[in-house]
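Report on the structure given below.
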Number of protein chains: 2
Amino acid sequence: MGTTQLDSVQEPKYWHLRTVLSEALDSEFSVGEILPNERDLAARFGVARATLRQALEQLELEGRLQRRRGVGTTVAPPRVGVAVGGEQHSWPGAAGDAWQAVDCAQEIPAAAVAAALETGADEPVHTVRRSRMSGGQLVATELLHIPAASVPGLTAIDAPSGAARARAVLRELHRLDLEGQDRAVELGSARADDARELDRLPGSPVLVVTTRFTVEGRTAALSVATYRADTCRLTFGDSAGVEIHHDPARRAS
Amino acid sequence: MGTTQLDSVQEPKYWHLRTVLSEALDSEFSVGEILPNERDLAARFGVARATLRQALEQLELEGRLQRRRGVGTTVAPPRVGVAVGGEQHSWPGAAGDAWQAVDCAQEIPAAAVAAALETGADEPVHTVRRSRMSGGQLVATELLHIPAASVPGLTAIDAPSGAARARAVLRELHRLDLEGQDRAVELGSARADDARELDRLPGSPVLVVTTRFTVEGRTAALSVATYRADTCRLTFGDSAGVEIHHDPARRAS
DNA sequence: CAGTGGTCTAGACCACCGT
DNA sequence: CGGTGGTCTAGACCACTGA
């Protein structure tokens, strides 16, 4: 056959495009550089803009690109490793913790939260909001649910509300003897409020880390943390975590 | 104003649609049930099919729906919790391990793998392929890279290739004293081969779990495991992991 | 084979950003 | 304001599934 290779076995255009762009990013662009706009790129590759966008979406999902409305598409830096607690258990808000308390409210939890807390459906719960910075950027938000029964020493006088109140709740929590913790990670999509905080669009992919803290066999606190999936690599274990970044030498198909 | 509420502040149609569908799934559908086809649904909601699809994509990402070409869209069961190793370190392939060896090849690793292994770029490496089932379904594939230098006792006679060879490599690995392990989790998109194995389309979102096993301060093995993000919830820690499933009572916006 | 979801097009308009 | 990415449309065709 004279032809080196026809597109052969029905690879979707957007997938092929993703591969081509990916290689171009490796060889011809550096971190932070701005790509041509979508209309130009689409024209250059002879596809509709929607198809080009499908390829860009893939690359954004993989953390290779960053797109911002009104600005443009830039080459993303490698994902930041974000430590998510290792071997030893510790309470949220302990020394050296990367989180920052934002505020706190006492409320009746949603049914699913109450179920996970193993409390009655109408038992009051303190909900502490925290956020986490990394490299000058907000990378995660957290809702920390603590049954009021877990922190009986807390008085309304400690602080009425706001960050001070949140810290007071955490202080009370630290008086308990942490017995163990379970953790789960799954893919989710950012709710509108989280999206706004994380500077993403609603529905953006996020990694949801759910942690249950147990004291005397009961659930004393429940954390639901939402990490930007595009920029974060969650690391567990002793040290900084493995780095395998995008591999230029590996073919995608 | 007579109108109870106009769509108000510019919520995208697909996002609103996602919410409406999500609530419909809670109240009017049960797991495994087949939804009307996309053309009908789009017509019913008075939107273009592409817009409807954008909403369905969100719900699929969240693990609420499952779509299969030529078949239809069904309501997905809750995600399965998949244990990803807890506190105690252990070698891959140890007793009780959920993985199944598929085959093994000795090859020169890609640059990124060699870098993570901290070996020379042209040092030979055994690459064991394994797969993991859960609930009768393949939920993950793994590439386990082991520098030939890590398992010097391995002879070519043990087994030429295939699953037997893979098991022989693991056996040799178990002779080493595991010192520690790091783990990282990040979002990725399925490469064409993984996608085929996992019964997904190329580019489907996956959770990539990278684990480095260390012996005497050096990296003795490196595992890159790819989990279906739609069906899996990765659990860490002592017990079965926290379950917070979709919460009908919580508004999405 | 008919019906499904997956891909692709060519256009339009909108929301947002920086100048 | 002009330029960017984000949303949306109405259509077409394709690949796959199951009867």
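Keep in mind that this is a model prediction, so the values were computed, not measured. In what follows, chains are A, B, ... by sequence order, proteins preceding strands, each numbered from 1. Values below: every heavy atom of this structure, side chains too, minus hydrogens, waters and symmetry copies.
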Phosphate OP1/OP2 of C/dT9: any A/Lys13 side-chain N/O under 4.0 Å: yes
Side-chain N,O (A/Arg53) to OP1/OP2 (D/dG6) below 4.0 Å: yes
Under-4.0 Å side-chain N/O to phosphate OP1/OP2 contact, B/Thr51 with D/dT7: no
Salt bridge flag under 4.0 Å for residues B/Glu23 and B/Arg18: no
Ionic contact status for B/Asp194 with B/Arg200, cut-off 4.0 Å: no
d(CG, B/Asp199; P, C/dG5) in whole Å: 16 Å
Along DNA chain C (nearest heavy atom to each residue), the more 5'-positioned of A/Gly70 and A/Gly46: A/Gly46
Integer-rounded Å distance: D/dC8 C1' and B/Leu56 CG: 15 Å
Among D/dC8, C/dG5, D/dG18, the one nearest B/Gln54 by side-chain distance: D/dC8
Separation of atom CG in A/Leu35 from atom C1' in D/dG3, rounded to whole Å: 16 Å
Distance test, side-chain N/O of B/Tyr14 to OP1/OP2 of D/dC8, below 4.0 Å: no
Salt-bridge present (A/Arg129, A/Glu142; N to O < 4.0 Å): no
Whole angstrom value for the distance that separates C1' of C/dG6 from CD of B/Glu57: 10 Å
Any donor-acceptor N/O pair under 3.5 Å between D/dG3 base and A/Arg69 side chain: no
Salt bridge B/Asp230-B/Arg79, side-chain N to carboxylate O under 4.0 Å: no
Side-chain N or O of A/Asn37 closer than 4.0 Å to phosphate OP1/OP2 of D/dG3: no
Between C/dT4 (C1') and B/Leu201 (CG): distance, integer Å: 13 Å
Spacing between A/Ile34 atom CD1 and C/dC17 atom P, to the nearest angstrom: 15 Å
A/Asp40 CG - D/dG5 C1' separation (whole Å): 13 Å
With A/Asn37, the side chain to side chain contact (heavy atoms under 4.5 Å, CB included) member among A/Leu41, A/Leu35, A/Ile34, A/Asp40: A/Asp40
Under-4.0 Å side-chain N/O to phosphate OP1/OP2 contact, A/Arg67 with D/dG6: yes
A/Asp26/A/Arg64 ion pair, N-O < 4.0 Å: yes
Residue whose closest nucleotide on DNA chain D lies nearer the 5' end, A/Ala50 versus A/Arg68: A/Arg68
Under-4.0 Å side-chain N/O to phosphate OP1/OP2 contact, A/Thr73 with D/dT4: no
Nearest-nucleotide 5' precedence on DNA chain C, B/Arg49 against A/Leu52: B/Arg49
Spacing between B/Leu41 atom CG and C/dG5 atom P, to the nearest angstrom: 8 Å
A/Ala48 side chain, from C-beta outward: closest of D/dG6, D/dC16, C/dT9: C/dT9
hbond_proxy A/Arg39 side chain to D/dG3 base (donor-acceptor, 3.5 Å cutoff): no
